[in-house]
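Starting from 1, each residue takes its place in the sequence as its number.
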Amino acid sequence: MEFFFKGFFLSLSLIVAIGAQNAFIIKQGISKNHIFVVSGICFLCDVVLMWLGVFGIGEFLAKNRILNLLIASVGILFVLYYGFVSLKSAFLTESLPKFSQSNSLPLKKTILLTLAVTLLNPHVYLDTVFVVGASALMFSFDEKIIFACGALAASFLWFFGLGYGALKLSRILIKMTKIIDILIATIMFFVAFSLLRYVLISS
């Protein structure tokens, strides 16, 4: 169990920080918008990325500077777009009704947005592939499996807990939609700035 909890608490410490992905999940929870699908996609992406990291494939991705810069550049455009959308939403007079279930996004668009906000941010790879992967370098094969299971257990509990927690509290949070939209926009712009700095330093 030692390696399970090592993976669990490391993973939890990495994903609880409020970033683009967590802000997106909260927004979908408030909107009652395909919560299971959104949380499930975030978790499945972690499954793939953490296993890649734990079993050494992350080293190739870490050394591929062109791929990292490409992901970062596309990520900047996406988070800027989503940030401006959130900022615009915050100042619409009809902002409250848009959070009803009847106005939720189509499933296909929700899936694409969730994949974009998850995979177009190099910080996701840094946390799941590089940090988690590096922490398991000295473990045996069996220990790596237990470690990865612990890390993924934390991911599962966090994403589904965050999504359904926001859904459960949606009646309270809906009264704060303007504040939440502004907060999400601020987070997106900060992520864009950090990605731009990463691109400039790495170029």
Side-chain angles (χ1 to χ4, degrees), residues 1-30 33-64 67-68 71-72 75 78-79 110-170 173 183-184 187-188 190-191 194-195 198:
M1 293 299 288
E2 175 190 353
F3 294 99
F4 179 90
F5 284 113
K6 280 184 178 179
F8 183 91
F9 288 114
L10 174 63
S11 176
L12 197 62
S13 68
L14 293 171
I15 62 178
V16 295
I18 296 296
Q21 188 183 46
N22 288 339
F24 177 79
I25 295 172
I26 292 171
K27 181 75 172 284
Q28 304 317 302
I30 298 171
N33 185 46
H34 306 294
I35 310 304
F36 182 82
V37 173
V38 171
S39 300
I41 290 173
C42 292
F43 171 65
L44 290 175
C45 287
D46 267 12
V47 171
V48 174
L49 294 173
M50 285 185 184
W51 279 97
L52 287 175
V54 168
F55 291 98
I57 304 176
E59 186 177 354
F60 165 76
L61 296 176
K63 293 179 179 178
N64 196 321
L67 179 60
N68 287 331
I71 292 171
F78 174 76
V79 295
T110 299
I111 292 173
L112 291 175
L113 279 173
T114 307
L115 287 172
V117 83
T118 301
L119 299 177
L120 292 180
N121 185 354
H123 292 279
V124 171
Y125 301 94
L126 177 65
D127 290 346
T128 58
V129 179
F130 307 147
V131 176
V132 173
S135 300
L137 282 176
M138 305 304 293
F139 299 161
S140 68
F141 182 79
D142 290 342
E143 290 168 347
K144 285 182 178 180
I145 292 177
I146 297 171
F147 177 83
C149 287
L152 291 172
S155 172
F156 179 87
L157 291 174
W158 175 256
F159 287 132
F160 281 94
L162 186 64
Y164 282 99
L167 175 65
K168 192 75 173 177
L169 296 173
S170 59
L173 295 175
L183 177 62
I184 289 173
I187 291 170
M188 294 298 171
F190 177 77
V191 171
S194 65
L195 291 178
Y198 169 79

- Query: Atom CD1 of I146 and atom CD of E2: how far apart are they, to the nearest 0.5 Å?
  - Reply: 10.0 Å

- Rounded to the nearest 0.5 Å, what's the gap from CG on L14 to CH2 on W158? Could you check? 12.0 Å

- Note on the structure: Closest heavy-atom pair, C42 versus T118, reported as atoms and distance to 0.1 Å, is SG-OG1, 3.9 Å

- Message: Would you compute the distance between atom OG of S39 and atom CG of L157 and round it to the nearest 0.5 angstrom?
- Response: 11.5 Å

- Item | Among F141, F9, F139, F147, the one residue meeting ring-ring contact (aromatic ring centres under 6.0 Å, His included) with F3 | F139

- Message: Could you check whether any side-chain N or O of S13 sits under 3.5 Å from a backbone N or O of L10, counting only pairs where one atom can act as donor and the other as acceptor?
- Response: yes

- Query: What class does the angle between the rings of F5 and F8 fall in, given that below 30° is parallel, 30 to 60° is tilted and above 60° is perpendicular?
  - Reply: perpendicular

- Task: Identify the two heavy atoms, one from S155 and one from I15, that lie closest to each other, and give their separation to 0.1 Å.
- Result: CA-CD1, 3.7 Å

- What distance do I41 atom CD1 and D46 atom CG have between them, rounded to the nearest 0.5 Å? 12.5 Å

- Message: Quick check on side-chain contact (heavy atoms from CB on, under 4.5 Å): which of L113, L167, V38, V37 does Q28 satisfy it with?
- Response: V38

- Query: Around atom CZ of F4, are there more than 12 heavy atoms of other residues, nucleotides or ligands at under 6.0 Å?
  - Reply: yes

- Message: Would you compute the distance between atom CG of L120 and atom CD of Q21 and round it to the nearest 0.5 angstrom?
- Response: 11.5 Å

- Smallest heavy-atom separation, A148 atom then V54 atom, equals CB-CG2, 4.2 Å

- Does the ring centre of Y164 sit less than 6.0 Å away from the ring centre of F36? no

- Quick one: does F160's side chain get under 4.5 Å of I25's, heavy atoms only? no

- Message: Test side chain to side chain contact (heavy atoms under 4.5 Å, CB included) on V48 and L44; report intermediate values, then the result.
- Response: CA-CA 6 Å; V48 174; L44 290 175; 5.8 Å; no

- Task: Taking all non-hydrogen atoms of both residues into account, name the closest pair between G29 and I35 and its distance.
- Result: CA-CD1, 3.2 Å

- Closest approach of S11 to A151 (non-hydrogen atoms, all atoms of both residues): OG-O, 2.9 Å

